[in-house]
Amino acid sequence: MSIKFSNAALSGCKTGRFFMSHAPITLSLAVIPLMTGCSLLAPTPEPAPPQTHYHAPVVEAVSGTAVSIPQLAERLAEQDVVMIGEYHGHQGAHLLQSRLQAHLYQHRPEQVLSMEQFEVDRQPVLDRYLAGDIGEMELVEGAGAWPIYQYAYRPLVEFARRQGLPVIAANAPGDIARCVGREGPEYLADLNAARKRHIPDAPFAGSAAYREKFFGTMGGRHGTADNERLQNTYHAQLLRDNTMASRILAARERHPEHQVIHLTGTFHSEERLGTVEALLQRNPELSVAVISPVFMEAQPDGDELPLTGNQNKGDYLYFLLPLPPEYRDEARGHESMMDAFRKVPETTCD
């Protein structure tokens with residue numbers, strides 16, 4: 001048996017002892033194994049590119065099965081609410097959010113973007129921007145946008161704006177939350193009617209599991225659960241969770257059949273606690289999917305992703321390289337933090 005090769009197939013190939021001619025030739029099968037460097041042989045697999053901070057592989061938490069963004073969007077298409085937890089300011093988290101938003105839109109054009117990053121009392125400013133009445137810097141200044149807005153959240157807001165989709169300012173007013181953190185839940189009783197309309201029913205609803213997680217995380221750094229200030233900080237956390245939950249439900253009522261994509265710090269949503277728990281307490285019939293980030297180390301040798309101990313954090317997990325430390329000089333880090341505190345406008349809790 002013999003195989004005939006075209007000139008193109010053999011161009012540039014050579015055996016160990018002679019170059020192939022440019023004329024069509026017929027080779028015995030016995031000769032084929034001697035050929036090296038020809039297009040007939042399987043190419044050497046390309047090495048995986050080095051990981052970057054945009055790298056964010058996604059897996060289904062229970063099975064550990066890898067899922068692409070288009071596959072993830074297809075799986076989540078029928079969910080009422082998609083909660084995407086984030087590590088604030090991580091490029092990989094924000095890129096994943098933006099990509100998933102666009103792919104979900106292909107399945108459910110009826111979409112609402114809900115954001116922890118804007119506070120409920122700034123909704124009118126956000127609406128004016130979406131309507132084209134003000135510019136981006138007017139939005140940033142008037143709505144108290146986070147300092148990282150333009151590189152982290154601009155793509156998501158602009159996608160919604162171009163498609164004519166609602167964007168919800170979901171977080172509790174910052175000054176009210178800060179005053180609850182200082183003075184405790186009793187602070188809400190003294191708010192005037194205009195301010196109280198931003199406060200949800202049952203603003204401090206929570207669970208024993210969430211309380212244990214909060215004090216387990218914060219207590220080690222800021223004292224014990226008996227610390228009054230830490231107790232107040234926990235109530236401020238609950239106020240934020242319950243406000244976001246109520247705003248998501250209000251968006252669902254205002255836009256029936258729309259899918260809500262909610263962006264939030266991962267502590268508010270992982271393990272289906274915090275905002276997720278508050279949401280389901282208010283409406284147990286909702287279908288809610290939770291996507292949570294997990295830090296990993298660089299994996300040049302293709303080591304397995306760190307699933308162990310993280311599978312309960314969400315329905316799907318995405319893995320990110322840790323951000324570099326901001327300061328290695330402890331004194332400089334402390335001074336930078338104090339400088340940031342000094343720049344925050346003072347809140348008067350009268």
Checklist entry - Are more than 12 heavy atoms from other residues, nucleotides or ligands located less than 6.0 Å from atom CG of Asp201? => result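 No, CG of Asp201 has 12 or fewer neighbouring heavy atoms, counting only those of other groups under 6.0 Å.
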Next on the checklist: More than 12 heavy atoms of other residues, nucleotides or ligands under 6.0 Å from CD of Glu212: yes or no?
Outcome noted: no
Item to check | Working for side-chain hydrogen bond (donor to acceptor under 3.5 Å, both in side chains), residues Gln71 and Ser68 | outcome: CA-CA 5 Å; Gln71 290 171 333; Ser68 68; 3.3 Å; yes
Parallel, tilted or perpendicular: which describes the rings of [X] and [Y], with under 30° parallel and over 60° perpendicular?
X: His53; Y: His90; value: tilted
X: His94; Y: Tyr153; value: perpendicular
X: Tyr149; Y: Phe118; value: perpendicular

Checklist entry - Hey, what do you get for CD (Glu253) to CG (Asn283), rounding to the nearest 0.5 Å? => result 9.0 Å
Next on the checklist: Nearest 0.5 angstrom please: Leu96 CG to Ile291 CD1, how far?
Outcome noted: 7.0 Å
Going by an N to O cut-off under 4.0 Å, is there a salt bridge joining [X] and [Y]?
X: Glu335; Y: Arg332; answer: no
X: Glu136; Y: Arg154; answer: yes
X: Lys213; Y: Glu271; answer: yes
X: Arg195; Y: Asp175; answer: yes

Would you name the heavy atoms of [X] and [Y] that are closest together and state the gap between them?
X: Leu188; Y: Phe204; result: CD1-CZ, 3.4 Å
X: Leu239; Y: Val180; result: CD2-CG2, 4.1 Å
X: Glu116; Y: His262; result: N-CE1, 4.0 Å
X: Leu320; Y: Pro293; result: CD1-CB, 4.0 Å
X: Ile168; Y: Leu126; result: C-CD2, 4.3 Å
X: Leu305; Y: Pro57; result: CD2-CG, 4.2 Å

Next on the checklist: Let's go through Val120 and Asn171 carefully: what are the C-alpha distance in whole Å and the side-chain angles of both, what is the deciding distance for side chain to side chain contact (heavy atoms under 4.5 Å, CB included) to 0.1 Å, and is it a yes or a no?
Outcome noted: CA-CA 6 Å; Val120 58; Asn171 208 349; over 6 Å; no
Does the side chain of [X] come under 3.5 Å of the side chain of [Y] through a donor N or O and an acceptor N or O?
X: Ser292; Y: Glu270; answer: no
X: Ser287; Y: Asp80; answer: yes
X: Gln237; Y: Tyr210; answer: yes
X: Gln79; Y: Gln259; answer: no
X: Arg282; Y: Asn242; answer: yes
X: Ser336; Y: Tyr327; answer: yes
X: Asp127; Y: Gln123; answer: yes

Next on the checklist: Less than 6.0 angstrom separating the ring centers of Phe159 and Tyr105, yes or no?
Outcome noted: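 Aromatic pair counts; centres sit under 6.0 Å.
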Item to check | Stepwise side chain to side chain contact (heavy atoms under 4.5 Å, CB included) check, Asp241 with Glu277 | outcome: CA-CA 9 Å; Asp241 287 318; Glu277 190 172 46; over 6 Å; no
Next on the checklist: Set out, in order, the CA-CA distance, both residues' side-chain angles and the distance that settles side chain to side chain contact (heavy atoms under 4.5 Å, CB included) for Leu104 and Gln111, then state yes or no.
Outcome noted: CA-CA 8 Å; Leu104 282 169; Gln111 186 184 93; 3.8 Å; yes
Item to check | Pair listing, side-chain hydrogen bond (donor to acceptor under 3.5 Å, both in side chains) test, anchored in residues 56-67, at least two apart | outcome: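 side-chain hydrogen bond (donor to acceptor under 3.5 Å, both in side chains) check on residues 56-67 returns Glu60-Ser63, Ser63-Thr65.
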Next on the checklist: Determine whether Phe319 and Phe295 satisfy the following criterion, ring-ring contact (aromatic ring centres under 6.0 Å, His included), listing intermediate values before the conclusion.
Outcome noted: CA-CA 6 Å; Phe319 296 88; Phe295 280 134; over 10 Å; no
Checklist entry - What residue pairs, at least two apart or across chains, pass ring pair (Phe, Tyr, Trp, His ring centres under 6.0 Å) with a residue in residues 172-202? => result none
Next on the checklist: Can you list, by chain and residue number, the hydrophobic cluster partners of Tyr54 when the side-chain cut-off is 4.5 Å?
Outcome noted: Leu95
Item to check | Residue pair Leu286, Arg252: steps toward the side chain to side chain contact (heavy atoms under 4.5 Å, CB included) verdict | outcome: CA-CA 10 Å; Leu286 280 180; Arg252 290 272 303 169; 3.9 Å; yes
